[in-house]
**Q** 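Here it is: the structure, laid out below.
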Amino acid sequence: MRKIFFLAYLTMLTIFGYSTVQAQDINFNESWKFYNAEAKGAEQVTFNDNNWRELNLPHDWAIEGPFDIKYNARAGGLPFHGTGWYRKHFKMNADAKGKVVRMEFEGAMYDGHVWVNGEFIGSRPYGYIGFEFDISKYLKYDGSDNVVAVRLRPQDLSSRWYPGAGLYRSVWLKIDNPIHVGQWGTYITTPTVTKDLAVVQNETVVVNKSKNKVKVNIKQAYFSPQGKLVMSVDEDTNIEANSSYTSELFCNIENPERWDTETPNLYSVTTTITQNGNVVDVYKTKIGLRSISYTSEGFFLNGKKVRFNGVCLHHDNGALGSAVYRRADERKLQIMKSMGVNAIRTSHNPPSRELLELCDELGLMVQDEAFDVWKMEKVPNGYNVFFDEWGERDLKDMIKRDRNHPSIVMWSIGNEIIEQKDAKNGWRVAKKLNAYCKEMDPTRPTSAGFNHSPAPYDNNMAQQVDIAGMNYKPLGYSEIHKKYPQLPLCGTETSSCTSSRGVYHLPIEKYQTHKSLHVTSYDLIGPVWAYPPDIEFHYQEQNPFIMGEFIWTGFDYLGEPTPYGGRDNSTNGYWNDDWPSRSSYFGAVDLCGFPKDRFYLYQSQWTSERMIHLLPHWNWKGMEGKDIPVHCYTNCDEAELFVNGKSMGKRVKGKDLTEIKVVFNNYESNTFQSKYRLSWNVPYKAGNIKVVGYKDDKVVQEEQIFTAGKPIKVSLSVDRKEIHANGEDLAYVTIRIEDKNGNLCPEATNLVNFTVKGAGKLIAVDNGDQTSVESFQGNERKAFSGMCLAVLKSSKIAGEIKLIAKSKSLKSDLIIVKTK
Ligand code: GAL
């Protein structure tokens, strides 16, 4: 956790021309210079960067586009590779001399090299891990200019998805006394947590960078979720010159307010280091008191069996690219929670700090995953190139960085690692990586996602981790369990069903690809290893020892437009045959965050509050009298469909089955009788369809879809009417094209134009169409299936942001967002 303001030393420090109270950690995101190409000598102080673009971090240069077929569609069709340089000028006050000054990068995509005042400081290839350097000795403290220069070199064919490019996470300047808590310096665990008692163990590394042996007091104070001091322990100790000391203290907290998915209570711990009566460092850590355990029969949180209703998520936030915005991650997780999700798999790399903090706060369990590859490549310039040199360090750093998060319930050492095939050595590498995890954190189980079966179980690789992750093998659950009854199993990647929001192709067919480059939303289509969610629900039910599932994926993401652009999910070369298809179809939610139908299928299975959802839309001009399959996703007992007021009959959930077409690896039948969806075939007639949901014979839910008339107006709504005036908060505006009665025009593609005034700006637009090559950063967007999205960012001045949306021959609309 980030350190708090440093109250004992309220000295003034001049950074970049203005004075600020000396904080331990100074956010270093503002006023960078950027150049998107090789620049000879750019590490030198005297280099002239006057003509470079000025910007603030976090920044992803690739999301600026343009989309082009010359870039790899499997990685988003965006220019993420090449060289990018960042420079920042800053001044240090004389007061900082003699202190320890570190620069921390929370992530630099990709292969970052850093210079301070012309001196090479170090490098870090893996773009997903944070790193810091002690730069004290390279700085000038006399008020003259200091320059940090960063060179990034993301390679083509280095990722199977869109990685983004740039300083896409925060940068910090950390100024400390020579005696301070080290990087990621606290490690706080809870060896026992019951309803009555939590035993809290705290290991804190205190660094003494001074030339003298020092005597200090180390105090750990624990505050309840309400901020009340509940316990405090301390010790006096000596620390040798130029060395560090690990303080080990424990305490008992009675009647703990436990962390779990319903009540994600967080305690805070303040570590205070005092020397001769002076406070020399204060460091804060957030923790949650909870117990986890697992057996081959399931996973337990605070002693209760929980199933993972999980989603895999990539790190990008759609139109914002990979640049980290706390609000974008928060919204993403809130949407997932509303689908019934209780767990996230950070496929396939260490996520942002913000994402983990939010999972702590929102009560989402996390599988924190380190790698998509080890030594054997999936793409030629991938992490495989760095694995030998950096694998151990990156894995250990991920755990060191993340191990205080109560949300994290397991570590993953890798996804679908090619070494599964290497019967001789695969298990040995897994064994080593597993041991690194245990060395860093023996309190959590380890896992890995295996897509082969039975090879990794038979060749001793799966046995190296605590929980074997089975990817896309619902038919194999019982067989593997029978053969290896002691091995805990989890569906770490499931379904991989694809769809385009609001698109329905009739008649329902199980096709591989469609000429529209979209995929029908009847939730049936996927690549050869994929299957509809219904199949996974069924096999999970049949095999209750499986810990649950992590669907592929919660949200659509940039890149990997399977089933287009190649039917495999590796990127050995360019796969642009189906251009402009350029982003994933796998999400239950589209790239804008708009739910697809599949969202409701999961909601019907994972939530208990009554819900009902109907598909498709009811605009089928030309199909009059022809049968339209109507599907309903609900957790009600029964549902009754009405077409233009006439009942088409009731269907009973769990009893009335829907036959769906299913073709995937090793599945012998061509159909599946699904009890998870209700259906009717009804002749089309314009008007409306309505579904009524019953519970114990009482009407509890209703949904109605009208045949929309012609587009008449643009209609805006916003996720939050008031946001923070902090220069980084976001408001997400949904734009719908509606008819005169306010019905969504489900096929509208009208171009919408945006004007923004006041205390913020428009930073992104999107419509969720996986084939659109319109810029994410323009001030206009075509609607897709009747909808599009505009993302507003606040400035640092409080006021109002006004967004006006116009579209030719439609009535326009505006929305006002307050910033405080
Ligand atoms: C898996 C892989 C994921 C993604 C998915 C698509 O095999 O682990 O990263 O490619 O397939 O179905």
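Counting starts at 1 for both ligands and their atoms, in listed order. On a predicted model such as this, the values are computed, not experimentally measured, just so you know.
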**Q** Assess the pair Y602 and F537: is the distance between their ring centroids shorter than 6.0 Å?
**A** yes
**Q** Run the contact test for W161 against ligand 1 with a 4.0 Å cut-off on heavy atoms, strictly below, and give the result.
**A** no
**Q** Begin from the C-alpha positions of D466 and K438 and carry the test salt bridge (charged side-chain N to carboxylate O under 4.0 Å, His left out) through to its verdict.
**A** CA-CA 11 Å; D466 300 314; K438 297 296 174 192; 2.6 Å; yes
**Q** Report, in ascending order of atom number, the atoms of ligand 1 lying under 4.0 Å from any heavy atom of E560.
**A** 4 (C), 6 (C), 10 (O)
**Q** Are D397 and R124 close enough for a salt bridge, meaning some N to O gap below 4.0 Å?
**A** yes
**Q** Would N451 count as a contact residue for ligand 1, given that I'm defining contact as a non-hydrogen atom of the residue lying under 4.0 Å from a ligand atom?
**A** no
**Q** Please check: side-chain N/O of D523 versus main-chain N/O of R598, any donor-acceptor pairing under 3.5 Å?
**A** yes
**Q** Looking only at distance, does W552 have an N or O less than 3.5 Å from an N or O of ligand 1?
**A** no
**Q** Does any N/O atom on N471 come nearer than 3.5 Å to any N/O atom on ligand 1?
**A** no
**Q** Within the 4.0 Å heavy-atom shell around S496, which atoms of ligand 1 are there?
**A** 6 (C), 12 (O)
**Q** Centroid-to-centroid, Y531 to Y667, below 6.0 Å?
**A** no
**Q** Got a sec, which residues hit ring pair (Phe, Tyr, Trp, His ring centres under 6.0 Å) with F308, two or more places apart in sequence or on another chain?
**A** F299, F550
**Q** So R353 and E357, salt bridge (charged side-chain N to carboxylate O under 4.0 Å, His left out) or not? Walk me through it.
**A** CA-CA 6 Å; R353 167 180 54 80; E357 288 173 358; 3.3 Å; yes
**Q** Check N415 against ligand 1 and report side chain, backbone, both or neither, counting heavy atoms closer than 4.0 Å.
**A** side chain
**Q** Consider every N or O of R160 and every N or O of ligand 1, then say whether any pair is closer than 3.5 Å.
**A** yes
**Q** If you measure every N or O of E416 against every N or O of ligand 1, does any of those distances drop under 3.5 Å?
**A** yes
**Q** For ligand 1, which atoms have a heavy atom of H348 less than 4.0 angstrom away?
**A** 3 (C), 8 (O), 9 (O)
**Q** Number the atoms of ligand 1 from 1 as they appear, then name those within less than 4.0 Å of a heavy atom of E493, with their elements.
**A** 1 (C), 2 (C), 3 (C), 4 (C), 5 (C), 7 (O), 8 (O), 11 (O)
**Q** Could you list the residues that satisfy ring pair (Phe, Tyr, Trp, His ring centres under 6.0 Å) with Y504, not counting sequence neighbours?
**A** Y522, H617
